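Both ligands and their constituent atoms are indexed starting at 1 by order of listing. In this text, all values refer to a predicted model and were calculated from it rather than measured experimentally.
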Amino acid sequence: MNEILKISNLSKTFGERGPKVNALNDLNLVIKSQSFTSIIGRSGSGKTTLLNIIGGLEPPTSGEIKIGDINPYKLNDNDRSKFRRRHIGYIFQFFNLLPELTVYENICLPSYLDHRYPDKCFIKKVLDKLALESMIHKYPAELSGGEQQRVAVARALSCKPEIILADEPTGNLDKRSGYELMDLLHYSCRMFNQTILLVTHDLEIARTADRIVTLEDGRIISDISGDAHEE
Ligand SMILES: Nc1ncnc2c1ncn2[C@@H]1O[C@H](COP(=O)(O)OP(=O)(O)OP(=O)(O)O)[C@@H](O)[C@H]1O
């Protein structure tokens, strides 16, 4: 498999004026295309910071990140936003759906923002798989937490991004919905050839991945692939 993401000597320091926090310290990571990686670690270990930097939301203090051949931080703001919309899908703990839009409009939002027509055929497939077809005219407030999270997943998939970044996506779900969501992410990784990076505190959820990367104090302290992490 090819590399889709390469992170070299990445550091992030917060607190320009006040006390400094080294959230990431000289971190190196290579992610293969179409792989499923869990990122775990204690609170404050740098997981969200890493995901935000990969997602083009937070520039690193030093070091380099390449998604394919592109360093998103070498693009201007407009091109970086476009790059993000086209190549990266986000799933957050608090679904972040827009309450005044229907389920279908929420799902198509990334395409609208990109001034493109949504791929209706593809979206239909996603709706089918996520069992959302009957809900497309509803508003987020009319849905359960699990249903809202499925809408958030459909929205993340709708532009067929190569990379899905999921930050504690099961954090607000009951156990069953959490495992259903993981099945969906594994399915989309296989069916739509996506690469998934998942931040979680839940070790059982983390173990469903191909690879588990553990952070501590902004450094990788363990990186286990394949069946080894199931022992
Ligand atoms: N915008 C910010 N300004 C200042 N410090 C920050 C900022 N964002 C994160 N930090 C600090 O950077 C460190 C890493 O934070 P980060 O949110 O990446 O950790 P995390 O592993 O995702 O934690 P959690 O599991 O609690 O979400 C923490 O010490 C945090 O307080």
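Contact annotation: for Thr49 versus ligand 1, heavy atoms closer than 4.0 Å belong to both the backbone and the side chain.
Cation-pi geometry between Lys160 and Phe192 is not satisfied (NZ or CZ under 6.0 Å from the ring centre, within 45° of the ring normal). In this structure, Lys175 forms no cation-pi arrangement with Tyr179, as its terminal cationic atom is not both closer than 6.0 Å to the ring centre and no more than 45° off the ring axis.
Considering backbone and side-chain atoms together, Gly46 places an N or O closer than 3.5 Å to an N or O of ligand 1. Not a single N or O atom of Phe14, backbone or side chain, sits closer than 3.5 Å to an N or O atom of ligand 1.
Few gaps surround CZ on Arg86; more than 12 heavy atoms of other groups in view lie less than 6.0 Å from it.
The shortest non-hydrogen separation linking Pro110 to Ser158 is CG-OG, 3.8 Å. In terms of heavy-atom proximity, Tyr112 sits nearest to Glu105 at CE1-O, 4.2 Å.
If you check which protein heavy atom lies closest to atom 25 (O) of ligand 1, you get Lys47 NZ, 2.7 Å. Atom 31 (O) of ligand 1 has Val21 CG1, 4.9 Å as its closest protein atom, hydrogens excluded (heavy atom only). Of the protein's heavy atoms, Thr48 CB, 3.8 Å lies nearest to atom 17 (O) of ligand 1.
Of the listed options Gly218, Gly44, Gly41, Gly44 places a heavy atom closest to atom 13 (C) of ligand 1.
Contact atoms of ligand 1 toward Ser43: 23 (O), 24 (P), 25 (O), 26 (O) (distance under 4.0 Å to a heavy atom of the residue). Atoms of ligand 1 lying under 4.0 Å from at least one heavy atom of Arg42, given by number and element, are 21 (O). Remark: ligand 1 atoms within the under-4.0 Å shell around heavy atoms of His201 are 25 (O). Applying the 4.0 Å criterion to heavy atoms of Ala23 picks out, from ligand 1, the atoms 12 (O), 13 (C), 14 (C).
Remark: side-chain polar atoms of Tyr73 are paired, donor with acceptor, to backbone N or O of Ile53 under 3.5 angstrom.
Remark: aromatic rings of His137 and Tyr104 are distant, center separation not under 6.0 Å.
Using a 4.0 Å cut-off between a side-chain N of Lys or Arg and a carboxylate O of Asp or Glu, Glu3 and Lys32 do not qualify as a salt bridge.
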